[in-house]
K.L.:
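Okay, handing you the structure first.
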Amino acid sequence: MSNGATVRLRPIEPAEAEAHWRWNNDPEVMRWFSTGFPVSRTRFIEGYADRPPNSFERTVLGIETVHDGRLIGLISLGDTAHEIGSADFDIYIGEKECWGKGYGTEATRLACRFGFDTMGLRRIQLWVADANAAAIAVYRKVGFVEEGRARRTLRVHGVWHDMVLMGLLDDEFAALDAVPSAD
Ligand SMILES: CC(C)(COP(=O)(O)OP(=O)(O)OC[C@H]1O[C@@H](n2cnc3c(N)ncnc32)[C@H](O)[C@@H]1OP(=O)(O)O)[C@@H](O)C(=O)NCCC(=O)NCCS
């Protein structure tokens, strides 16, 4: 549904729940997330078919590679606030051998295009751990800027980290998206 040169975004099928569960239980993938309480594989997979359909309030899409049609991760736009046209963005690529190939950057760009052009959002925001250098690099490349930080709100292996609030506005994205990128 959203096609790029190297990845596309499309809905996730219930039959793909197993991959989603595996990613959620990979400590390297989830290193910078607050994961909450563990969920059993059976419960996770059984509950997948009952997930609410994608909507303005919350949309979850799989990231699929163009060259071999493999599902490698997901993005979400959620907690959408109608009155200000703002949504929270999240991404992860669960197949770790796919990191560092530009997929995250293109998927983020496609998600922002979907949010601004199709959903009519005015701003997209996200929270990222201050030490998550790869994610911050991706967000900066797409045009997100730091808007604030919540100090010492994530603890990873005993070390406290700040969570950085980054935001992107529709006109800023339109200006950047119109310019062919060098990456
Ligand atoms: C964050 C994530 C989505 C990035 O996806 P990706 O496909 O690896 O990203 P890309 O290849 O498009 O770009 C990664 C950029 O980070 C840079 N990078 C990677 N590791 C880095 C590091 N340790 N320090 C600085 N920059 C780093 C790369 O050089 C690249 O930038 P460049 O193109 O300018 O060279 C992916 O690593 C991931 O899913 N991580 C686990 C989940 C996660 O942290 N999600 C974000 C939550 S806020």
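The shown structure was predicted, so the numbers you read here are calculated from the model rather than taken from an experiment. Residue numbers count from 1 along this sequence.
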K.L.:
Do F173 and F144 sit in one hydrophobic cluster, given that two such residues count as connected whenever their side-chain heavy atoms are within less than 4.5 Å of each other, even indirectly?
P.N.:
yes
K.L.:
Less than 4.5 Å apart, any side-chain heavy atom of T59 and any of F114?
P.N.:
yes
K.L.:
Please check: side-chain N/O of S76 versus main-chain N/O of V60, any donor-acceptor pairing under 3.5 Å?
P.N.:
no
K.L.:
Taking all atoms of both residues into account, what is the closest heavy-atom pair of L110 and G4, and its distance?
P.N.:
CD1-N, 3.8 Å
K.L.:
What I want to find out is whether K96 reaches E28 closely enough, with some N-O distance under 4.0 Å, to be called a salt bridge.
P.N.:
yes
K.L.:
Take a 6.0 Å sphere around CZ of R140 and say whether it holds more than 12 heavy atoms from other residues, nucleotides or ligands.
P.N.:
no
K.L.:
Residues two or more places apart in sequence or in another chain: which of them pass side-chain contact (heavy atoms from CB on, under 4.5 Å) with R122?
P.N.:
D170
K.L.:
Give the minimum heavy-atom separation between I75 and A111, together with the two atoms involved.
P.N.:
CD1-CB, 3.8 Å
K.L.:
Begin with the C-alpha distance, continue with both residues' side-chain angles, and end with the deciding distance and a verdict on salt bridge (Lys or Arg N to Asp or Glu O under 4.0 Å) for R70 and E64.
P.N.:
CA-CA 5 Å; R70 181 180 179 206; E64 182 181 273; over 6 Å; no
K.L.:
Roughly how far apart are R123 CZ and E147 CD, rounded to 0.5 Å?
P.N.:
4.0 Å
K.L.:
Which residues pass the side chain to side chain donor-acceptor pair (under 3.5 Å) test with T6, sequence neighbours left out?
P.N.:
E106
K.L.:
If I take atom OG1 from residue T153 and atom CH2 from residue W160, how far apart are they, to the nearest 0.5 angstrom?
P.N.:
8.0 Å
K.L.:
For the ring-ring contact (aromatic ring centres under 6.0 Å, His included) test, which of W32, F33, W127 pairs with H161?
P.N.:
W32
K.L.:
Between R149 and D162, does any NZ, NE, NH1 or NH2 come within less than 4.0 Å of an OD or OE carboxylate oxygen?
P.N.:
yes
K.L.:
Only counting residues at least two apart or in another chain, list the ones meeting ring pair (Phe, Tyr, Trp, His ring centres under 6.0 Å) with H82.
P.N.:
F56
K.L.:
Just how far is it from atom CG of L126 to atom CE of M166, taken to the nearest 0.5 Å?
P.N.:
6.5 Å
K.L.:
Could you check D26, I72, N24, I63 and say which one makes a side chain to side chain contact (heavy atoms under 4.5 Å, CB included) with Y92?
P.N.:
N24
K.L.:
To check you understand the geometry: which heavy-atom pair defines the closest contact between C98 and I93, and what is its length?
P.N.:
CB-CG2, 4.0 Å
K.L.:
Between V145 and Y139, is there a shared hydrophobic cluster once you connect ILVMFWY residues whose side-chain heavy atoms come closer than 4.5 Å?
P.N.:
no
K.L.:
Measure from the side-chain N and O atoms of N132 to the backbone N and O of V128, and report whether any donor-acceptor pair falls under 3.5 Å.
P.N.:
no
K.L.:
Hydrophobic clusters here meaning ILVMFWY residues chained together by side-chain heavy-atom distances under 4.5 Å, can you tell me if L61 and V66 are in one?
P.N.:
no
K.L.:
Indicate yes or no: does R51 engage E46 in a salt bridge with an N to O separation below 4.0 Å.
P.N.:
no
K.L.:
What are the two closest non-hydrogen atoms of W23 and E95, and how far apart are they?
P.N.:
NE1-OE2, 3.0 Å
K.L.:
Nearest 0.5 Å, please: how far is CG in L121 from CZ in F89?
P.N.:
12.0 Å
K.L.:
What's the verdict on side-chain contact (heavy atoms from CB on, under 4.5 Å) for L165 and E146, showing C-alpha distance, side-chain angles and the deciding distance?
P.N.:
CA-CA 6 Å; L165 173 65; E146 180 173 336; over 6 Å; no
K.L.:
Of all heavy-atom pairs between L176 and V142, which one has the smallest distance, and what is that distance?
P.N.:
CD1-O, 3.7 Å
K.L.:
Between V29 and W99, does the side-chain contact (heavy atoms from CB on, under 4.5 Å) criterion hold? Intermediate values first, please.
P.N.:
CA-CA 10 Å; V29 175; W99 289 357; 4.2 Å; yes
K.L.:
Do L71 and E13 have side-chain heavy atoms sitting under 4.5 Å apart?
P.N.:
no
K.L.:
Can any side-chain N or O of W21 pair as donor or acceptor with the backbone N or O of V39 at less than 3.5 Å?
P.N.:
yes
K.L.:
Under 30°, 30 to 60°, or over 60°: which ring-plane class applies to F44 and H20, parallel, tilted or perpendicular?
P.N.:
perpendicular
K.L.:
Rounded to the nearest 0.5 Å, how far apart are CD1 of I124 and CD of E172?
P.N.:
11.0 Å
K.L.:
S86 versus T80: any side-chain heavy-atom pair under 4.5 Å?
P.N.:
no
K.L.:
Could you check whether any side-chain N or O of T65 sits under 3.5 Å from a backbone N or O of H67, counting only pairs where one atom can act as donor and the other as acceptor?
P.N.:
no
K.L.:
Show the numbers, then the answer: is there a side-chain contact (heavy atoms from CB on, under 4.5 Å) between D130 and M163?
P.N.:
CA-CA 6 Å; D130 57 3; M163 291 300 287; over 6 Å; no
K.L.:
Check C112 against L168 and note the closest heavy-atom contact, atom names and distance.
P.N.:
SG-CD2, 3.9 Å
K.L.:
Nearest 0.5 Å please: distance from the CG atom of L9 over to the CD1 atom of I91.
P.N.:
8.5 Å
K.L.:
If you measure from the Lys or Arg side-chain nitrogens to the Asp or Glu carboxylate oxygens, is any gap between D79 and R58 under 4.0 Å?
P.N.:
no
